[in-house]
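This structure is a prediction, so every number in the text was calculated from the model and none was measured. Letters go in sequence order (proteins before strands), and every chain restarts at 1. Only heavy atoms go into these numbers, but all of them, side chains included; no hydrogens, no water, no symmetry mates.
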Number of protein chains: 2
Amino acid sequence: MINEGNEPVNLRAALDSFDALWSPRIVTRVNDYDVRLAKVAGEHIWHVHENTDEFFLVLAGELRIALRERGEEREVVLTKGSVFVVPRGTEHKPSSAEGAQLLLFEPRGTLTVGDRHDEVPDHVDATTGHAL
Amino acid sequence: MINEGNEPVNLRAALDSFDALWSPRIVTRVNDYDVRLAKVAGEHIWHVHENTDEFFLVLAGELRIALRERGEEREVVLTKGSVFVVPRGTEHKPSSAEGAQLLLFEPRGTLTVGDRHDEVPDHVDATTGHAL
């Protein structure tokens, strides 16, 4: 069980407890949602969550998210301390040339690679999140 | 509509855009959840959300949350960068002697004073969140 004693969790300590990239850790839960932490660097894959929005908060570094909307492609840039929500049904591909640390909110069971996705390379963990 | 163009929002800029204490602003939405920002100082009131957990992330300062659990009272201390979830049905009272800035995640429509609460003093805004 996650955080069984229900004490505050310091995100810095939580981030220091793992190294794996593109492999989110579940830091706590809110109703049927996960709060996940991820370390990322390089490119994720194009994927889509058909039935849920996905919330990103950049805790360190810079994250880019490429988006395919209405037949066009654009990229948003999230600096440290920025938030962004990828709407459900929107194909997207996160990347971070220099690396970033993220907090995500999404329904429990949401797969990192979504419901439809490009081939999953070795450096991407297809997971619903790991325990801290 | 909130963030109609769907661009990233910098939390520092969002926090700089209002001064009111204990009066959360909705910075974005994730499915049927709000992401809210709040500035706080002094004491909130004892209250309870019967049907939802409530997520706190401290962006600046220090937050204390008094909790009544199984007939006992305890207080958790959230330093900057810490997260905590108040479980549904748990009476709680946030406070911050020196002031704090918070990010909250909770279902749209959740009242700041919950479903049962002490008398609401003038310094506490009973709201489901304001637009930024």
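B:Ile65 does not touch chain A: none of its heavy atoms, backbone or side chain, sits under 4.5 Å away. When heavy atoms are compared at a cutoff of 4.5 Å, A:Tyr33 approaches chain B solely by way of its side chain, counted from C-beta outward. Contact annotation for B:Leu59: neither backbone nor side-chain heavy atoms come within less than 4.5 Å of a heavy atom of chain A. Of the atoms belonging to B:Thr79, it is side-chain heavy atoms, and not backbone ones, that fall under 4.5 Å from chain A. For B:Val58, no part sits under 4.5 Å from any heavy atom of chain A, backbone or side chain.
In this pair, B:His92 and B:Phe56 present their aromatic rings perpendicular. The plane angle is above 60°, beyond the 30 to 60° band.
Taking 4.0 Å as the cut-off between side-chain N and carboxylate O, A:Arg108 and A:Asp32 do not count as a salt-bridged pair. For B:Glu50 and B:Arg116, the salt-bridge test passes: some basic side-chain N is under 4.0 Å from an acidic carboxylate O. A salt bridge links B:Glu43 to B:Lys93: one of the charged nitrogens lies within less than 4.0 Å of a carboxylate oxygen.
Per-residue heavy-atom pair counts under 4.5 Å with chain A were compared for B:Asn51, B:Leu67, B:Val76, and the maximum is reached by B:Val76. For chain A, the option among B:Arg12, B:Glu54, B:Arg74, B:Glu69 with the highest count of heavy-atom pairs below 4.5 Å is B:Arg74.
Not less than 6.0 angstrom separates the ring centroid of A:Phe84 from the ring centroid of A:Phe55.
In this model, a donor atom of one side chain and an acceptor atom of the other lie less than 3.5 Å apart for B:Arg88 and A:Asn31.
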